[in-house]
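One structure below.
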Number of protein chains: 2
Amino acid sequence: MSEKAYKIFFGTLNNKNRLKIINLLRKGTKCVHDISAELKFNQTTVSHNLKRLLHCGFVFVENKGKHRYYSLNKKTIKPLMGLIDRHMHHFCEKIAKGER
Amino acid sequence: MSEKAYKIFFGTLNNKNRLKIINLLRKGTKCVHDISAELKFNQTTVSHNLKRLLHCGFVFVENKGKHRYYSLNKKTIKPLMGLIDRHMHHFCEKIAKGER
DNA sequence: ATAATATATGCTTATTATAACATATGTCAG
DNA sequence: CTGACATATGTTATAATAAGCATATATTAT
């Protein structure tokens, strides 16, 4: 796997707001307006972040009238989150010590 | 899992040099000097990055005389890389279109 | 105790990424 | 066709991050 691919993958995931969007979408498909309202994010911020999530296949879109419904790529997200949970469970003491 | 935990996890992985270090360590345990020499990185850069990898449990250290040998936490790294490879395999067309 | 080698850490600068404004585009209702 | 709503995009100021210098600490040999 290329260096660039890793960068895209982790770079996309390494963002507070995008992670919040991902976690919101885990509950179900939502349109931009709903995401914006529920997370209290600016609409442009949501759109920009969805664009990036879309670009690397973490989410999918479907047009329905004037709305665009975004859904999660659960095939990737689910095992990914499970992996993190397992890792954190074993290394939480170290992690808990600080931010860095 | 906390927002902070995700940030630490992805933030640590989202770095060219740290990923190179990880990929180098996949081949086996190495000391700072070896990593520095093989990747042509400044020694301080290597130490700073190893510190961060160590802090979140991606690598382990063992002291041997004046050397410190770093090894990968394969329990996490192996499935993680596998996951990325699988994801990229399915979404490479989209990824290949650009950097962002 | 001193020199030599290996590694770590504090700090500053340069790079990169993010958020949000302003605005553009798209879709539907009337 | 116009207005209203939904979403997207270009741009930029700000904030987060990284790299490397200078230096500190640790270990070993003499």
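So that the names make sense, note that chain A is the first sequence line, chain B the second, and so on, each numbered from 1.
By the criterion of a centre-to-centre distance under 5.5 Å and near-parallel planes under 30°, the ring of B:His48 forms a stack with the base of C:dT9.
As a whole-Å value, the separation of B:Lys51 NZ from D:dT17 C1' is 15 Å. Summarising the geometry, the separation between CD1 on B:Ile8 and C1' on D:dT17 is reported as 15 Å, rounded to the nearest angstrom. For the pair B:Phe10 CZ and C:dA17 C1', the computed distance is 17 Å after rounding to whole Å. Atoms CG (A:Leu50) and C1' (D:dA8) sit 11 Å apart, rounded to a whole Å. For B:Asn49 and D:dT17, the CG to P distance is 13 Å, given to the nearest whole Å.
Across all strands shown, B:Tyr70 has heavy atoms under 4.0 Å from sugar-phosphate atoms exclusively, and none from any base.
Residues meeting the salt bridge (Lys or Arg N to Asp or Glu O under 4.0 Å) test with A:Lys16, sequence neighbours left out: B:Glu3. Looking at residues two or more places apart in sequence or on another chain, you find no side-chain contact (heavy atoms from CB on, under 4.5 Å) involving A:His90. Evaluation of the side-chain hydrogen bond (donor to acceptor under 3.5 Å, both in side chains) rule for A:Asn42 yields A:Thr44 as partners, not counting sequence neighbours. With sequence neighbours excluded, the residues satisfying side-chain hydrogen bond (donor to acceptor under 3.5 Å, both in side chains) with A:Ser47 are A:Gln43. In this view, B:Glu62 satisfies the salt bridge (Lys or Arg N to Asp or Glu O under 4.0 Å) rule with no residue, not counting sequence neighbours.
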For residues 18-32 of chain B, run the donor-acceptor check on the side chains, cut-off 3.5 Å, and write out each pair with its distance to 0.1 Å, sequence neighbours left out.
residue, atom, partner, partner atom, Å
B:Arg18, NE, B:Thr12, O, 2.6
B:Arg18, NH1, B:Asn49, OD1, 2.9
B:Arg18, NH2, B:Gly11, O, 3.2
B:Asn23, OD1, B:Arg26, NH1, 2.7
B:Asn23, ND2, B:Leu19, O, 3.4
B:Lys30, NZ, B:Glu38, OE2, 2.8

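Residues of residues 39-46 of chain B that place a heavy atom closer than 4.0 Å to DNA chain C, in numerical order, are B:Gln43, B:Thr44. Near-neighbour residues of DNA chain C inside residues 14-37 of chain B, defined by a heavy atom below 4.0 Å, number-ordered: B:Cys31, B:Val32, B:His33.
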Reading 5' to 3' through nucleotides 24-30 of chain D, protein heavy-atom contacts under 4.0 Å coded B for base, S for sugar-phosphate only, - for none
---BS--

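Comparing atom distances between the B:Arg68 side chain and each of D:dT9, C:dA8, C:dA19 picks out C:dA8 as nearest.
Of all the heavy atoms in B:Asn73 and B:Gly57, the pair that sits closest is ND2-O, 2.8 Å. Taking both residues in full, the closest heavy atoms of A:Ala5 and A:Ser2 are given as N-OG, 2.9 Å, listed atom of the first, atom of the second, then distance.
The residue from A:Ile35, A:Asn17, A:Leu39 that alone fulfils the side-chain contact (heavy atoms from CB on, under 4.5 Å) condition with A:Val46 is A:Ile35.
For the ring-ring contact (aromatic ring centres under 6.0 Å, His included) condition, the pairs that include at least one residue of residues 1-44 of chain A, sequence neighbours left out, are A:Phe9-A:Phe58, A:Phe9-B:His87. Among residues at least two apart or in separate chains, there is no salt bridge (Lys or Arg N to Asp or Glu O under 4.0 Å) pair with a member in residues 63-87 of chain A.
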